[in-house]
Amino acid sequence: MHPLEDTTRFEPAEVEPRIFARWLDSGLFHPEPEGEAGESYSIAIPPPNITGSLHMGHALNGSIQDVLIRRHRMAGRRTKWILGTDHAGIATQAQVERALRAEGTSRQELGREGFERRVWEWREHYGHTIVEQLKRIGASCDYAEERFTLDDAYHRAVVEVFVALYHQGLIYRDRYIVNWDPGSHSAISDLEVEQRRERDTLYSIRYDLVEGGAACQGPAGRAPRASDGGGSVTIATVRPETMLGDTAVAVHPDDERYRALAGRTAILPLVGRHLPVIADDYVRMEFGTGQLKVTPAHDPNDFEIGRRHDLEQVSVIGEDGRMSAEAGERFAGMTVMDARAAVVEALRGEGRIVAEEEYEHEVPYSHRSGERIEPLISLQWFMHMNELAAPAIDAVRDGRVRIVPDNHRRVYLEWMENIRPWCISRQLWWGHRLPVYYCATCGHVHVAASAPERCAQCGGEPRQDEDVLDTWFSSALWPFATLGWPQHTPQLRAFYPTSVLSTARDILFLWVARMIMMGLRFTGEVPFAEVYIHSVIQAPDGRRMSKSLGTGIDPLDEIDRHGADAVRFGLLAMSSSQDVRYSAEKVRQGQALANKLFNATRFALLRIASMRGSPTHPVALDAIEPGWAGPRPRAIEDRWILSRLQEIVADTAARIDDYDFSHAALGLYDFVYAELCDWYLEIVKPRLAGEPRGGAAQGGAGDREARVRTGSANANQAASVERNDREALAATLLYVLRTTVALAHPVIPFVTEELWSHLDSSGGLLAGCPYPRADTSLIDRDAEIELERAIEAVAL
RNA sequence: GCCCCCGUAGCUCAGUGGAUAGAGCGGUACUCCGACGAAGUUACAGGUCCCGGGUUCGAAUCCCGGCGGGGGCACCA
C-alpha cells in the first residue's frame, strides 16, 4: 500500500509489480485439484509458441480470459487457468537453425541429438519470455503448473494417442501427393498452405500423336493434323517444366471433338515417352484446348486421375526443389524456375508452343516458410478424419459445444463436413518423434509406445522413424494432456472438461476443431463447453498488424506508456464480434478511468478521514462502523446512486457472461464518470464538508448541490447536518466505492487491487473477494426519476 | 466459384422492427469552483444511417438487387 496523500495520479509502473507479486504469493492463482469439473471454472490458454513474444492478439485474448477467470474466481468457483507453451516445430527449428548459421554451423553438422540438445538449451533461455510477458498484463494463470507440449508427460499422451489411432486403423502410411514446403524441407498440411494470386504465362503446347488408331476427327474438320500424319493434341499449362513428368493426356468423355482420341497415344516432346490418351470427366471441355496433360507426380488433381487410371508416376522434381534425374540429363539439377525457362526454350526451338497468354491464377505458398509449395509424391503418415469428425460435428450441432459468436458455427460445420485426411508427419528434428519402428532387415513396421527389442517378424533390429509429428497433433490434446491424461489425475477430474476456450478465428480448424475431435475420442467428453472467437485487432489504418509490414504495435510498449489496466480496458472496449482497428483512444480512456477511480477513492477517503478527525487512513468501512450491516441512505442522491449501482452491478456481470466485453468495460466507464463522479460526488461534497444540506449557494459544487435541491421535489426538507448524517454518508460512499472497485476488478485488476488495500482493513486481496451481486432491495425507481429530473433541471 | 462479415457524426464504434439515431475521441464555446491540470465540468456544432427497389401502420434494423471493403473455403490445367 502506498499513502494516498502522496500522489494525485495513479502510477501503474510503481503499482503493478508490487500488486502482481502479492497475487502470486497469495496462491490464489493455483487452485487445489479437488472436486469435480462441474464445480470449477477452467480455461486452457492457447499455448503461445516458445519462439513468440507477446503481440496484440495475445494481449487481447489474455485480457478476455483473465476477465472470465477473475470474475468466476470472485464468484466463488474453484478456478484454474491452465498455462503452458507450444514447442512449435517448424518455427522453433527455423529460429534455432538461423542462430546456428550465424555461428557458422548447421543442424546437420551437430547431428540430430546435438541439435535437439541445442534447441532445449535455447528453450531454457528464451522459452519463458512470453510467460513473463503474460504477467505484465495481469494474467492470473496458474504459474505454479506451467506445461510444455514436449514435456515427458505430454509426450506420453501424444504417443498413447498415436498408437491407439494406428491400431484403430485411423493412422496410416501412404505414398501420396503432399504439399512439399522446400523452405522447411518438410511436408505440411493443407491448412498450412495459403493461396496467392499470381500472374503467369499459360503456354499451349502441341504433342504429336502416334500414327494409327482412330483418326482424330474434330468437328468441321477442325482437327489438327500434324505433318507426321498422326495428328496432335494441344495442352495448356502454366508449369511447362512439369511436362517432363507427364504420363498421359486426358480429354473429357463427353467431348465430341476429342473423345475418339481416347485410346490413342501421344508422344511427349523433348522426352519421347509414349502417353496414353485417356478420357476422364475431371477435364473441363471449355478450358484451354479441352485437352489436358496429366502429371500424377506433381499435381494433386493429376494424382487422382493417375490413381483412377493406374498411370505411371514420374517424379521430376525432388524434395530439394530441383529437377531430378528423371527429368533427364538436360534438366536435372536445375531449379524449377530455370527448368521452366529451359523447357520453354527447347519447345520453342521445336516449334511446339502454339500460344502464350497472360494468366492470373492461385499459387500455393507455405504459410510457414513463405516459399512456393511443390506438390510431390512422398511417403508420409496420414490420419483419416471422417470418423473423428462425425461426433465433433454432432457436439456442435446439438450445442454441447457452443461457438460464440454463432456465425462461426456454420464455418466450422462446413469445414468439418468436407474434412480430408491430415498429413501428420513432418521431416523435422524438433518435435514428437513418431512411435514407429521399422525392422532394418525385413522392413516390418512396429507401432508402439516404446521401441521393441527385436523385430517380431524376423528378429532384426528395429529403427525408429526419423519424422516428427505435426505440432498441431500435440496441440489437439492440450486441454486434457496438460492435466495429466492418460493418467486419471485429480487435476483431470477437477478441471476437465474446461469451461471455455477463447481464441481468434484463424486457428478454428487448425486447433479448435481438432481438440474437439480428440477430446471426444479419448476422453468421451467435449474439451470445453463454449468457444469464444474474439476479434482480430488490425492496425489503426485497417491493415493487418504485422512486424514485417511495420504496422505492429507492441502491447508491452503500450503497457509501459499507459499501464496494464489501460491496455486491458482499451482492448476489451475496442473488441467486438468482428475484426476491429486498434484504437489508441480506448486505451487512453482506460487510463483515464483508472486515474479517475483512483482519485475519486482518494478524495472520498481523505475527506472521510478528516471529517472523522483522523488525519490518516486507512479508513475502512468496518472501522468506521463496526458491525456494518449495509448502507443507510439518508438523502435522495444516496438512494439514487445505490439504485444506479445495482443496475451496473447486474449489467456488468451479465455482459461478461455474454462475452460482451466491450459493453462491460464501457458500461463501467460510464457509471464511474457520468454517475458516480460527475454527479454523486459533486452533490455530496458539501455534506462531506459538514455544510448544511440545501444551504445557500456558495459557488462551486455547493452551488450545484443547491441547484439540485431546488430542482428536487423535496427541496424544502433540507435538514441540518448531524453527525449521524455524515457517518451514514461515509458508509454509503464507501459501500458504493467498494462495490464499484470490486465490480471493475476483472477488467482493471491493478488499480482496483491497489485501491482495495485502502478500502478494506482486513488486508485481504480483492482478487479473492466475492464478486458483487445486485441487491434488489436497493433499487429505487422513484429516486432515479427524481434525481434525473433534478439533473435535467440543472442542465437547463 | 461457393460461403461469411461489414458499410451509421471528422475518426473508432454502439444501436438490428417503434418516438427528436447514440457514445468515446476530435472540433467549438465555457468553467478556473473543495479528488483528478499531459486534468475536470457543461453546452453547442456535426448524420440523404453506402445506393436502388420491396415488405410493414412504421425500416439504420427484415427481404431482393447493386456498389464498396474485409475474411474463410475450394484440385480447375
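Chain identifiers are assigned alphabetically (A, B, ...) following the order of the sequence lines, protein sequences preceding nucleic acid strands; residue numbering begins at 1 within each chain.
Distance from the side chain of Trp415(A) is smallest for A74(B) among the nucleotides G40(B), G34(B), A74(B). Comparing U12(B), A35(B), A77(B) by their nearest atom to the side chain of Arg581(A) picks out U12(B). Listed candidates were G71(B), G34(B), C5(B). Nearest to the side chain of Arg607(A) is G34(B).
Partners of Gln195(A) under the side-chain contact (heavy atoms from CB on, under 4.5 Å) rule, at least two apart in sequence or in another chain, are Val193(A), Glu362(A), Pro364(A). Every residue two or more places apart in sequence or in another chain that forms a ring pair (Phe, Tyr, Trp, His ring centres under 6.0 Å) with His55(A) is listed here: His58(A). Applying the ring pair (Phe, Tyr, Trp, His ring centres under 6.0 Å) rule to Trp756(A) yields no partners; only residues at least two apart in sequence or on another chain are considered. Evaluation of the ring pair (Phe, Tyr, Trp, His ring centres under 6.0 Å) rule for Trp415(A) yields Phe509(A) as partners, not counting sequence neighbours. By the side-chain contact (heavy atoms from CB on, under 4.5 Å) test, Arg308(A) is found to be paired with Asp280(A), Tyr282(A), Glu304(A), Ile305(A), residues two or more places apart in sequence or in another chain being considered. The ring pair (Phe, Tyr, Trp, His ring centres under 6.0 Å) test applied to Phe661(A) returns Tyr532(A), not counting sequence neighbours.
Using a 4.0 Å cut-off, no side-chain N or O of Ser583(A) falls inside it from OP1 or OP2 of C13(B).
Closest-nucleotide positions on RNA chain B for Arg544(A) and Tyr282(A) were compared, and the one nearer the 5' end corresponds to Arg544(A). Each of Phe603(A) and Ala674(A) was matched to the nucleotide of RNA chain B holding its nearest heavy atom; the match closer to the 5' end belongs to Phe603(A).
G53(B) and G18(B): their P atoms are spaced 23 Å apart (whole Å). Rounded to a whole angstrom, the distance from the C1' atom of G65(B) to that of C73(B) is 25 Å. Comparing the same atom, P, in G22(B) and in A35(B) gives a spacing of 34 Å after rounding to whole Å. Taking the C1' atoms as reference points, C25(B) lies 14 Å from A14(B), given to the whole Å. If you take atom C1' in G10(B) and the same atom in G46(B), they sit 8 Å apart, rounded to whole Å. Atom name C1', nucleotides A59(B) and U16(B): the rounded distance is 10 Å, in whole Å. Spacing of C1' atoms, A21(B) relative to U48(B), comes out at 14 Å, to the nearest Å. C62(B) and G17(B) are spaced 8 Å apart, taking the C1' atom of each and rounding to whole Å.
Ring geometry for Phe382(A) against Tyr176(A) counts as perpendicular: the plane angle is over 60°, on a 0 to 90° scale with 30° as the lower cut.
The CD1 atom of Ile507(A) sits 14 Å away from the P atom of G72(B) (whole-angstrom rounding). Going from atom CG of Asp190(A) over to atom P of C75(B) covers 7 Å, rounded to whole Å. For the pair Asp579(A) CG and C4(B) P, the interatomic distance rounds to 17 Å; values are reported in whole Å. Rounded to an integer number of Å, the gap from CH2 of Trp679(A) to P of U42(B) is 7 Å. Across the protein-nucleic acid pair, Glu362(A) atom CD and G71(B) atom P stand 13 Å apart, rounded to whole Å. One interatomic measurement links the two molecules: CZ of Phe509(A) to C1' of G72(B), which rounds to 7 Å at whole-angstrom precision. Atom CG in Asn301(A) sits about 11 Å away from atom C1' in A74(B), given to the nearest Å. In this entry the distance linking CD of Gln538(A) with C1' of C5(B) reads 12 Å, nearest Å.
When Watson-Crick and G-U wobble pairs are counted only if both distances are under 3.5 Å, G58(B) pairs with no nucleotide at all. Partner assigned to C36(B) is none, using Watson-Crick or G-U wobble distances below 3.5 angstrom. Pairing for C73(B) is with G1(B), a Watson-Crick or G-U wobble pair whose two hydrogen-bonding atom distances lie under 3.5 Å. The pairing partner recorded for C44(B) is G27(B), the criterion being a Watson-Crick or G-U wobble arrangement whose two distances lie under 3.5 angstrom. For G22(B), the paired base is C13(B) (Watson-Crick or G-U wobble, both distances below 3.5 Å).
Contact annotation for Tyr203(A): no contact, since no heavy-atom pair falls under 4.0 Å across all strands. Residue Asn407(A) is in sugar-phosphate contact alone, with no base atom involved, counting any heavy-atom pair closer than 4.0 Å across all strands shown. Counting non-hydrogen atoms under 4.0 angstrom, Gly590(A) reaches nothing in the nucleic acid. Using a 4.0 Å heavy-atom cutoff across all strands shown, Val580(A) reaches sugar-phosphate atoms only and no base atom. Across all strands, Ser662(A) comes closer than 4.0 Å to no nucleic acid atom at all (heavy-atom distances). Within 4.0 Å of His663(A), counting heavy atoms only, lie sugar-phosphate atoms of the nucleic acid but no base atom.
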N/O-N/O pairs, protein side and nucleotides 1-3 of chain B side, under 3.5 Å:
unit_1	atom_1	unit_2	atom_2	d
C3(B)	O3'	Arg410(A)	NH2	3.0

Could you list the protein-to-nucleotides 36-39 of chain B atom pairs, N/O on both sides, closer than 3.5 Å?
unit_1	atom_1	unit_2	atom_2	d
C36(B)	O4'	Asn599(A)	OD1	3.1
C36(B)	O4'	Asn599(A)	ND2	3.2
C36(B)	O2'	Asn595(A)	ND2	3.0
C36(B)	O2	Lys596(A)	NZ	3.3
C36(B)	N3	Lys596(A)	NZ	3.2
G37(B)	OP1	Thr8(A)	OG1	3.2

List the atom pairs, donor and acceptor, that lie under 3.5 Å between side-chain atoms in residues 596-604 of chain A and the rest of the protein, sequence neighbours left out.
unit_1	atom_1	unit_2	atom_2	d
Asn599(A)	OD1	Arg602(A)	NH1	3.4
Asn599(A)	ND2	Thr8(A)	O	3.0
Asn599(A)	ND2	Asn595(A)	O	3.1
Thr601(A)	OG1	Leu597(A)	O	2.8
Arg602(A)	NE	Leu4(A)	O	2.9
Arg602(A)	NE	Thr7(A)	O	2.9

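Residue pairs meeting the ring pair (Phe, Tyr, Trp, His ring centres under 6.0 Å) criterion with at least one partner in residues 571-596 of chain A, sequence neighbours excluded, do not occur; the list is empty. Applying the salt bridge (Lys or Arg N to Asp or Glu O under 4.0 Å) rule to pairs touching residues 402-415 of chain A yields Arg402(A)-Glu530(A), sequence neighbours excluded.
With a 6.0 Å radius and a threshold of 12 heavy atoms from other residues, nucleotides or ligands, Arg307(A) has its CZ atom above the threshold.
Side-chain atoms of Asp246(A) and Thr295(A) form a donor-acceptor pair, as typed in the model, at a separation below 3.5 Å. With no hydrogens or angles considered, no side-chain donor-acceptor pair links His367(A) and Glu192(A) at under 3.5 Å.
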Heavy-atom protein contacts under 4.0 Å, nucleotides 22-31 of chain B, coded B base, S sugar-phosphate only, - none: --SS------

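The two residues Lys586(A) and Phe569(A) have their closest heavy-atom pair at O-CD2, 3.6 Å.
Geometrically, Arg644(A) does not engage Trp679(A) in a cation-pi contact, judged by NZ or CZ lying under 6.0 Å from the ring centre and within 45° of the ring axis.
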